[in-house]
Amino acid sequence: MQAETGKKMNRSSTFMAEQQDGLFPAVCPLDCPDTCGLLVHKRAGKIVKVEGNPEHPVTAGAICNKVRNMTERIYHKERILYPLKRVGRKGEGRFERITWEEALQEIAQRYHRLIRDYGAESILPYNFYGNMGYLSVQGMDRRFFNRLGASRLQRSICNSAGTVGWNYTMGFGGGVPPEAAAKAKLFIVWGGNIVSTSMHKFMLIEKARKQGAKLIVIDVHRNKTGERADWFIPVHPGTDAALALGLMHVLFDRGWTDEAFLSSYTVGHEELREHVKAYTPERAAEITGVPAEDIVRLAQMYAEASPAYIHIGNGLQHHDNGGMAVRTIACLPALTGAWKMEGGGAFKSNMAYGAINGEALEQSGLRTNPQARTVNMVRIGEALHELEPKLRSLFVYCANPAVVAPDTERVLAGLMREDLFTVVHDLFITDTAKYADIVLPATSTFENTDLYGSYWHLYMQLQEPVIPAEGESKSNFELFKLLAEAMGFDEPAFRETEEDLIRQALDYAANPYLRGMTLDKLKEQRFVKLNMEPLEHRPYLDQLTTPSGKIELYSRQMEEAGLPALPTYIPLTEGFDGRRRPRPDGGDPYPLMFISPPNHSFLNSTFANVEKLAKLEKAPILQIHPEDAEARSIRDGDPVVIRNDRGQFEAAASVTERMLPGTVVSQGLWWGKDGKRTRVNALTSGRLADMGGGATFFSTVVEVERLKE
Ligand SMILES: Nc1nc2c(c(=O)[nH]1)N[C@H]1C(S)=C(S)[C@@H](COP(=O)(O)OP(=O)(O)OC[C@H]3O[C@@H](n4cnc5c(=O)[nH]c(N)nc54)[C@H](O)[C@@H]3O)O[C@H]1N2
Ligand SMILES: Nc1nc2c(c(=O)[nH]1)N[C@H]1C(S)=C(S)[C@@H](COP(=O)(O)OP(=O)(O)OC[C@H]3O[C@@H](n4cnc5c(=O)[nH]c(N)nc54)[C@H](O)[C@@H]3O)O[C@H]1N2
Ligand code: SF4
Ligand SMILES: [Mo]
């Protein structure tokens, strides 16, 4: 293949890391649905440029600006290159260099002592998807903590509320694949900002628009995707289920439903038809802020477009009622029969198509403490203070809870505990690492071997080291092998290689889509498409794994779980609907809804320390409606403080009509800097969503004031 530079890509997977010059294949490891194929340019042994791999069938050579600047991160002057031990106070960030031998011995000794005195449950791993590689976060690390007998972690900070909600309706955790989506004539992006968070899907939509397709964005603020839409529909936060129910009312009422489809493929359509009579467009308008005539127009466009595709974003899922919102929206395509046509239907995640053999990777049989408790990662602030028996050690990797977890003040107070032994494995002294007793240097993805799936497209990819490990850094895989050895764990599971684990991950008869996927093929081709043949023999709609095998508009499972069996609008616990109802306790100290979604140039809190990207985002900004600004004598550019009972956050006001009055928005997860209050999660709570133990970042109420200087 001829790449842009005219140089030939090196396909041989042996010793890429040792070659000084050339062009090498790689995979983007970040928590982004697109999982791009990359090309890494090396000169004199160093990476000089990262670009998209034009051969990748879906991402096709385009990558985001974040990853185009990846070299700034890999060779950042603050990257940690050897193990460190804390010498200052917790939070101060003063460390001294130690050897790996010392670090491993100290951790092993502390862990043996904790296990003897308090039991292994006193130790909690805390990780998320800082690196999406299966070996990075679902491999040796899981084996290690299973064998240790540590408390287990419920990894629910991202999308688990919606996943449960989707599954109640559809059963199977896969939606419309990209190849089919390209054929849609109407795209509804609902609670997502795909221009920033899934750029290749936006590119796909742009292409379809050239053929006449339309894009509608439903969001609480006109984000970058809303700016580019044919129709942007602003809603009050947490009211989407009411909007969907209003649409259902119109669809049934006007006879715009596909009755044959409803009879063949759903259960509960008669109950639903009755149920939604109460959700007139007028009532839905009152709740959502969307005018009744717009609800009718939207229902008509949805019914007439064929095929129509709904993208369900994370904005819906980070609310008290997030599970129900997703469950409700997931019912819409069944009313019009959109699923019948190629490209019609909905997408929340396509991860299920590529499901790997997670059990082979983590080996739950190694568990020395099968009864170990499970701690919800969303509630880490509370867990560090209140859990009994106490947590006495936190092992953080691939995550930055001091910035990303809700209720920052509580998290930090927990991390300050002198009796908490904290280990952080990362590439940088993150806000979390500042509180660590031991900091361990992590490799970047380009220094690792790993296997990647995608939660949007259908290709798996292999990463092999393109450069040697920087300094003394080690991959997660290697680290947990070394720790197992230091702890004296001698099971064969800890002696296996990366390639052994990749083979085990791919050997999974339970997933027909994985049939034929092998390590050898991945080495040869770099990206290999899942085997989609099963869909040809047995259509998607015949594969649903709900108890009835149909789309469950009425769900007995939900009823059994104590939830409404039919899609229902449930107001937020904190906050207001369109009637601006005061809080149930009568008080109204925090009249504004505070939404804190990701920004364009960071990936969660990753890249916030890369100067070039931080400069593009300038500083934390609070978008506030002119009415709300005027009521508080706030002018554009003014410094403001945003407060509630949990904490404070400071930003520069941007007075804008992007939202309905009553909602303020600040994008981006900034690190704390120079004692400034730059972390949005100081305001958010550890309250859990209605399903899946999910986070409720966006169900937050605040007051805003001009900051006196
Ligand atoms: N550039 C960039 N890309 C990313 C990330 C990043 O940090 N930066 N993060 C990655 C990760 S981990 C994830 S999970 C995905 C998330 O990506 P998306 O699924 O696109 O979700 P968010 O970016 O969280 O966008 C949420 C949108 O929902 C809106 N919203 C909030 N509340 C409501 C509501 O009640 N109703 C409606 N209709 N809208 C609401 C917000 O205004 C925001 O525009 O992106 C991934 N990609
Ligand atoms: N207010 C608010 N809070 C949010 C969100 C929001 O929209 N608003 N979004 C939420 C969502 S959807 C998510 S997914 C979470 C994300 O939360 P996290 O997964 O914690 O995301 P990051 O902040 O990117 O932190 C990842 C860390 O992993 C490190 N890392 C990268 N690669 C490796 C590796 O190979 N090994 C090790 N050991 N470390 C590595 C990175 O340097 C980085 O410090 O945040 C959540 N928090
Ligand atoms: S962050 Fe997403 S868009 Fe950017 S390179 Fe990675 S996978 Fe591609
Ligand atoms: Mo996420």
Side-chain angles (χ1 to χ4, degrees), residues 27-38 50 52 59 62-68 70 73 126-131 133 136-137 157-159 189-194 196-200 217-226 233-240 243 311-319 322 325 396-401 403-406 424-428 430 432-433 440 442-445 448 450 454 475-476 479 572 593 595-609 659 663 665-669 679-681 683-684 695 697-700:
V27 188
C28 177
L30 297 173
D31 188 351
C32 167
D34 296 20
T35 321
C36 290
L38 304 179
V50 177
T59 63
I63 58 168
C64 65
N65 191 45
K66 305 184 290 291
V67 172
R68 256 184 274 130
M70 193 63 132
R73 181 173 151 82
Y126 195 97
N127 74 294
F128 207 62
Y129 289 96
N131 181 333
S136 290
V137 279
I157 205 159
C158 178
N159 60 359
V189 173
W190 203 326
N193 183 18
I194 58 169
S196 300
T197 62
S198 186
M199 60 174 269
H200 298 86
V217 171
I218 304 173
D219 204 286
V220 301
H221 82 132
R222 201 170 70 244
N223 57 26
K224 279 187 189 292
T225 317
I233 305 177
V235 290
H236 289 305
T239 64
D240 302 271
L243 178 57
H311 168 96
I312 299 178
N314 234 25
L316 307 162
Q317 306 177 49
H318 286 168
H319 279 292
V396 182
Y397 60 105
C398 281
N400 187 11
V403 177
V404 309
V424 175
H425 182 229
D426 204 299
L427 290 83
F428 294 98
T430 59
T432 310
L440 302 170
T443 47
S444 79
T445 187
N448 295 342
D450 215 327
S454 158
S475 69
N476 298 12
L479 164 66
L572 301 182
M593 289 289 314
I595 310 290
S596 54
N599 64 14
H600 189 75
S601 302
F602 306 164
L603 200 123
N604 300 318
S605 79
T606 298
F607 296 120
N609 65 331
M659 306 78 55
T663 298
V665 175
S666 184
Q667 290 181 279
L669 295 170
R679 287 178 285 215
V680 286
N681 279 316
L683 299 164
T684 60
F697 293 111
F698 303 158
S699 293
T700 297

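Just so you know, ligand 1 is whichever comes first in the structure, and atom 1 is the first atom listed for that ligand. Below, all heavy atoms of this structure are taken into account, side chains as well, without hydrogens, waters or symmetry copies.
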When only distance counts, is [X] in polar contact with ligand 1, meaning an N/O pair under 3.5 Å?
X      : result
Asn223 : yes
His236 : no
Ser601 : no
Pro237 : no

Do [X] side-chain atoms and [Y] backbone N/O form a donor-acceptor pair below 3.5 Å?
X      : Y      : value
Asp219 : Arg222 : no
Ser198 : Ile194 : no
Asp34  : Thr59  : no
Asn127 : Cys398 : no
His236 : Met593 : no

Which of the ligand 1 atoms, numbered from 1, are nearer than 4.0 Å to a heavy atom of [X]:
X      : value
Ile218 : 38 (N)
Asp240 : 34 (C), 35 (O), 36 (N), 37 (C), 38 (N)
Gly313 : 19 (O)
Gly238 : 34 (C), 35 (O)
Gly191 : 26 (C), 27 (C), 28 (O), 37 (C), 38 (N), 39 (N)
Val235 : 38 (N)

Residue pair Leu669 / Phe602, side-chain heavy-atom distance below 4.5 Å: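 Counting from C-beta outward, Leu669 and Phe602 never come under 4.5 Å.
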
Considering all heavy atoms of both residues, which atom of [X] and which atom of [Y] are nearest to each other, and what is their separation?
X      : Y      : result
Ser601 : Lys66  : O-CG, 3.5 Å
Ile63  : Gly52  : CG2-CA, 3.6 Å
Phe698 : Asn314 : CE1-O, 4.4 Å

Ile233, Asn193, Thr225 screened by side chain to side chain contact (heavy atoms under 4.5 Å, CB included) with Val217, the one that passes: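 Single side chain to side chain contact (heavy atoms under 4.5 Å, CB included) partner of Val217 among Ile233, Asn193, Thr225: Thr225.
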
Out of Asn65, Thr35, Val50, who gets a non-hydrogen atom closest to atom 7 (S) of ligand 3?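 Minimum heavy-atom distance to atom 7 (S) of ligand 3 goes to Thr35.
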
Show me, by chain and number, every protein residue that has a heavy-atom distance under 4.0 Å to ligand 2.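 Ligand 2 is contacted, at a heavy-atom distance under 4.0 Å, by Asp31, Arg73, Phe128, Tyr129, Gly130, Asn131, Ile157, Cys158, Asn314, His318, Tyr397, Cys398, Ala399, Asn400, Val404, His425, Asp426, Leu427, Thr430, Ala442, Thr443, Asn476, Ser596, Pro597, Pro598, Leu603, Asn604, Ser605, Thr606, Leu669, Val680, Asn681, Phe697, Phe698.
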
Between Tyr397 and His425, does the ring centroid distance fall short of 6.0 Å?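 No, the ring of Tyr397 stays outside the 6.0 Å limit from the ring of His425, centre to centre.
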
Taking 2.8 Å as the limit, list every protein N, O or S atom around atom 4 (Fe) of ligand 3, by chain and residue number.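 Sorted hits: Cys64 SG.
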
Atom [atom1] in [X], atom [atom2] in [Y]: separation rounded to 0.5 Å?
X      : Y      : atom1 : atom2 : value
Leu316 : Thr239 : CG    : OG1   : 10.0 Å
Asp31  : Asn131 : CG    : CG    : 10.0 Å
Met70  : Leu30  : CE    : CG    : 4.5 Å
Ser666 : Arg679 : OG    : CZ    : 14.0 Å

